[in-house]
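Throughout, a chain's letter reflects where its sequence line sits, starting with A, and its residues are numbered from 1.
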Protein chains: 4
Amino acid sequence: MRVAVVGSTGYGGVELIRLLEAHPYVEITSVISSSSAGAPIAEGFPHLTEIRTDLLDAVDAEATRSKADLVFLATPSGIASQLAPQMLQAGLKVIDLSGDLRLKSPDLYERWYKKPAADPALLEQAVFGLAEVFGNEVKGQELISNPGCYPTAALLGLVPAVAAGWLDPSTIIIDAKSGVSGAGRGVGLGTHYSELNENFKAYKINKHQHIPEIEQVLGRVAGKPVVATFTTHLVPMTRGIMCTMYAAISGNHSTQEFIELYRSYYQGRKFVRVRPEGQWPATKEVSGSNYCDIGFAVDERTGRVTIVSVIDNLVKGAAGQAIQNLNLMMGWDETLGLHFVPVYP
Amino acid sequence: MRVAVVGSTGYGGVELIRLLEAHPYVEITSVISSSSAGAPIAEGFPHLTEIRTDLLDAVDAEATRSKADLVFLATPSGIASQLAPQMLQAGLKVIDLSGDLRLKSPDLYERWYKKPAADPALLEQAVFGLAEVFGNEVKGQELISNPGCYPTAALLGLVPAVAAGWLDPSTIIIDAKSGVSGAGRGVGLGTHYSELNENFKAYKINKHQHIPEIEQVLGRVAGKPVVATFTTHLVPMTRGIMCTMYAAISGNHSTQEFIELYRSYYQGRKFVRVRPEGQWPATKEVSGSNYCDIGFAVDERTGRVTIVSVIDNLVKGAAGQAIQNLNLMMGWDETLGLHFVPVYP
Amino acid sequence: MRVAVVGSTGYGGVELIRLLEAHPYVEITSVISSSSAGAPIAEGFPHLTEIRTDLLDAVDAEATRSKADLVFLATPSGIASQLAPQMLQAGLKVIDLSGDLRLKSPDLYERWYKKPAADPALLEQAVFGLAEVFGNEVKGQELISNPGCYPTAALLGLVPAVAAGWLDPSTIIIDAKSGVSGAGRGVGLGTHYSELNENFKAYKINKHQHIPEIEQVLGRVAGKPVVATFTTHLVPMTRGIMCTMYAAISGNHSTQEFIELYRSYYQGRKFVRVRPEGQWPATKEVSGSNYCDIGFAVDERTGRVTIVSVIDNLVKGAAGQAIQNLNLMMGWDETLGLHFVPVYP
Amino acid sequence: MRVAVVGSTGYGGVELIRLLEAHPYVEITSVISSSSAGAPIAEGFPHLTEIRTDLLDAVDAEATRSKADLVFLATPSGIASQLAPQMLQAGLKVIDLSGDLRLKSPDLYERWYKKPAADPALLEQAVFGLAEVFGNEVKGQELISNPGCYPTAALLGLVPAVAAGWLDPSTIIIDAKSGVSGAGRGVGLGTHYSELNENFKAYKINKHQHIPEIEQVLGRVAGKPVVATFTTHLVPMTRGIMCTMYAAISGNHSTQEFIELYRSYYQGRKFVRVRPEGQWPATKEVSGSNYCDIGFAVDERTGRVTIVSVIDNLVKGAAGQAIQNLNLMMGWDETLGLHFVPVYP
């Protein structure tokens, strides 16, 4: 299968290239960048020296169609809403890694993203590819919206319990922490080494655009609207997201029961690993891989459960899950080309 | 004033030495270590070369009394319960940085620390030196129990609102993150560089011995028992603690009202800096200094307030607050010898 | 092909497992540890949860032979000299990643390693597997000694120029820097997070056991004894080695001529990438991969050339090159199972 | 004494503020920035909240003179050559931390800095304030050129041996490593967190503008021109410089003799600490302080000495040495206000 990658000069795009190079059924036939078209991709990313010797193509749906059957859009928000229709029109399948097509409500998009929303018909068409939850809706589709990094970690950690009615949805608090690569390759004081190193920061509290994405899915599985508290922090490391999540338990469920609920929910899905009682996953234990690892503790003193989930934000939180969605679209084994053992240490 | 430091080969002890060297009224006359007595202190800490040329003394209350008027105990838990009575008996004032004398209930200590508690009379005598909250009880005392690092950050961020009745105490969640120096200088896989670097970990969830210390103080200011959720994480950095705290608001209070409440509560206390609306403190902005910085956001969507507090765990969370308590004991200006500008970047 | 890994609880062993899991012709049939036999390997390495569910085997040559055809020895120095003969005797092929079989002279080994040397016949039998230099000697052998991490980086950067007579061998200075994983998983103050983080250290100056290994190879290609200055430093990062190397130039050669000399020498060898003039390789550009990247600058002011080489110490400097040697032993394409794109960022 | 700081929004300027706040004889009466005049300094540097509440002043020599007696110029190169004459003209003493006034030869400046040189008379007037070497020339002067960060570390490690004729000056190689704060606060891919973290890079090989500064001083103390090889690397940490230096020994001198030579040369200078044989200084052992620590090893195998020197690039390599020069100018004890114990860990 021939694929193209738009946004090849960002971290999401270059991670797609890393992973796709290992996929047995896929060939990358075009790497595309609006800002650097004509330059060798290895110029900006010397780690690709002699691995990718091709030049960056310009954004042009027809030209892309002549080279590829499917296109990944790894662009900032506000771009895919324009590009996706052109690509679909040209006959390409599309997997969008940006936030443009995730929210079904244009109003919500505009309120949280402060940008014009995509066409409602396009939003309707896009399937939200949270693979272990909605993967069965992906097969045979033309347009997939790949979930955000934080929502992937948060939702994989919350959905089974919310769907089972084990949590009081009005008490959900998500305390999220991310490595700096989540902020992208754009330069600024906010990504300056000396400002972030040996530093731990909170940001966008109550204002992060991933809040409505999380609430949309939680509401869908809960069967009623859910409002959650969501906080983001920057960790002085490159890769990794941890969500530490809290909720009051509805009913009476032990840690071990939570573990069994989740193991049952994720039965047969290789990329979710539910940890045994007393073991907490750390971000490095999934680094470079497509795993999401989850741990639990019920606290009888407080009546709350604490759920910890970890992913590599660039893999399961972006490029890896996008390839998993490609596999699901095509009806292949969802793990194809994604058998990466975490890079540890 | 002549002071001695027990536990000079740990990070708390060596930080006391760093700070005390800058104190205008104090001379360190004995650095004490049970494990390395007789060796030059600079042998294990070459950064002290030519600054401290003295040898480590053995632990001996009478010998210490002959050299000093006050002793800091920067020892692991389980030691000060034995040492403090000897030191007091010998006529020394004592400031204990360990957890041994913080909990008024021996039962609670034994349940959370899994060690025998100190003598109840000693626990009774010890004054809990959370300087900005109970500082007025410290003056003239002989025995001060210096608060834990996490409790200092959490309590300075919660006490004014809890005391004012602005929070529903049954909803308090404290998501805490610490640099690795908080784990001390002891070696083990848990402090091994390659295991922690580029990694973010949760640990001791619902089991941390600082939980009863936090609840004891919150209960005291609330006037009724408080049970809180408290989670600890390890950040790949050396210094710094952030507590991100959540609670449902009782009544109707804006972010700005929280800021004003705290500014009023901490009026005249230089080491607490309440940040303006929209500005979140980062750990590096207090690194190397005795400051605790606090930020707030009320979320109308959820009815919760998010409170973020940061400290340097070795300064305000240990050695710095201990010196602040020394100043308060002696009736000196509490900032004496502690005018360190944060080391930034 | 069935292989076993001795030393599976160290970083070299666990990296072998990561890479071998991706090798199309190989199955790991036994993971072996003298210290943790009987325990699940994923207990000490949770990143392997559900990937490797087997228990660690004890060290037993006959038992290993019943399960495997070849064994990798990823043990500390002083072990392989004992184990390798047993394994060979049992009919296993052996690839040793330790320093035990690298030096042809037992005297040199004992002087630099301060341990008893292996049997001279064993040293004679062992082929030094610096793949891009001596790879043609590896095919069909039973016993390969895999080069050290520093020697791999240093020698790939020096051999072509020394072999061509372009450097004055009496002037060679190798200033080497390594990430902390090179120090292994053993605990100690020397690998303690708070001691190494935000710190840059020199160690073992003029005393490192890799010095005779480097000199042995340089002497062999120069056709006369070479004595070099070699310095090692610890960088606050987990993976990566850089060697910055200096020598006076014999004759008159430009930067571009050096580049061409090396490109010609490494013609057809995919894992050495010679960078264009003005571009310096950084360690992260090879991280997680088997590449060695090299850059050059001739300085007319001083008559010296500066050569910079980088590798991932756990891949090209250990497990990756060991698999490359497996491929060469078996007559397979040397890149088999090693097509890892560097993990960037 | 009233002082002003130009360039207060850079790392050098803000470090001057940190240190000067602890100086007993000095008051900062104006913080100056060309880019952010009118804004509170704590806006861009929240760690200064409530410590410095003043607004940034514009650059204006007369206005500065009305507030201050001396001005520190912590500006990028190319600025001080213009500003210093205005400040001197207005009657201010000047300490320049940039490279503009360090090279006595305008030609050399223009060749290495690619900018117009300062007026030759100004270059003539400026005293090069390498405190432990030329400190006796500083007293009573009006214009001091503060040495560069790399030259400070390199020269303090080389000057005594070169002055004594113990090194063959044609063989000097300086392999230098710096934390990222040396690159300043300017944003770019070169200071982007995800690009530098877990990465070790070489840069500006044979082209760094500090080369002529080092050679100028070595030539002066050697009594003849010296040409040296100088290489710079970026370490993934914020603060710290290490220079690892190599030279062939002239004559026959042991490690211990080198140590004694340096102890004698630096007799009475508190900020240079010569380490005992077998002990190598690490950058963290001087972090936050004005120390330069030096270690030695003579290698009989190669006839070379290896010299390792470390400093905090922002203190001894910039702001700290500038204050030391202020002390020397005024005839005060050179350590005044600089008694900072290194921040360890």
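Of the residues listed (C/Ile173, C/Asp168, C/Leu167), the one engaging C/Thr171 in a side chain to side chain contact (heavy atoms under 4.5 Å, CB included) is C/Asp168, and it is the only one.
Looking only at heavy-atom pairs under 4.5 Å with chain D, the residue among C/Ile205, C/Thr231, C/Thr238, C/Thr244 that has the most is C/Ile205. Ranking D/Val227, D/Thr229, D/Asn197, D/Ile241 against chain C, the residue ahead of the rest is D/Thr229, based on heavy-atom pairs under 4.5 Å. Annotation: maximal heavy-atom pairing with chain C below 4.5 Å, among D/Glu198, D/Lys201, D/Glu195, occurs at D/Glu198. With chain D as partner, the option from C/Met237, C/Glu285, C/Arg239 having the largest number of non-hydrogen pairs under 4.5 angstrom is C/Met237. With chain C as the partner, the residue from D/Gly179, D/Pro236, D/Ser170 showing the most heavy-atom pairs under 4.5 Å is D/Pro236.
For the pair D/Gln321 and D/Leu338, the minimum side-chain heavy-atom distance is 4.5 Å or more. Residues C/Leu156 and C/Lys316 have side chains in contact (heavy-atom distance under 4.5 Å, counting atoms from C-beta outward). Looking only at side-chain heavy atoms (C-beta outward), C/Tyr246 and C/Ile172 stay at 4.5 Å or farther from each other. Annotation: side chain of C/Arg220 is not in contact with side chain of C/Gln216 (no heavy-atom distance under 4.5 Å). A heavy-atom distance below 4.5 Å is found between the side chains of C/Lys224 and C/Pro169.
With hydrogens and angles left out, the side-chain atoms of C/Lys114 and C/Gln209 include no donor and acceptor closer than 3.5 Å.
Contacts of residues 298-312 of chain C with chain D at a heavy-atom distance below 4.5 Å involve C/Val298, C/Asp299, C/Arg301, C/Thr302, C/Arg304, C/Thr306, C/Val308, listed in sequence order. Contacts with chain D (heavy atom to heavy atom, under 4.5 Å) involve these residues of residues 272-282 of chain C, listed by number: C/Trp280, C/Ala282.
Summarising the geometry, atom OG1 belonging to D/Thr283 is positioned 11.0 Å from atom NE2 belonging to C/His233; distances are rounded to the nearest 0.5 Å.
Within the 4.5 angstrom heavy-atom criterion, no atom of C/Ser287 approaches chain D. In this structure, the portion of C/Ile211 lying under 4.5 Å from any heavy atom of chain D is its side chain and not its backbone. When heavy atoms are compared at a cutoff of 4.5 Å, C/Ala228 approaches chain D solely by way of its backbone atoms N, CA, C and O.
Aromatic rings of D/Phe340 and D/Tyr291 (six-membered ring for Trp) have centroids beyond the 6.0 Å cut-off, not under it. A distance of 6.0 Å or more separates the ring centres of D/Phe230 and D/His210.
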For this session: Tell me, with the steps shown, if D/Asn313 and D/Ser181 meet side-chain contact (heavy atoms from CB on, under 4.5 Å).
Result: CA-CA 8 Å; D/Asn313 56 302; D/Ser181 63; 3.0 Å; yes
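For the pair D/Arg263 and D/Phe258, the NZ or CZ position fails the cation-pi test of under 6.0 Å to the six-membered ring centre and within 45 degrees of the ring normal.
By the 6.0 Å contact criterion, NZ on C/Lys207 is open, its count of non-hydrogen atoms from other residues, nucleotides or ligands being 12 or less.
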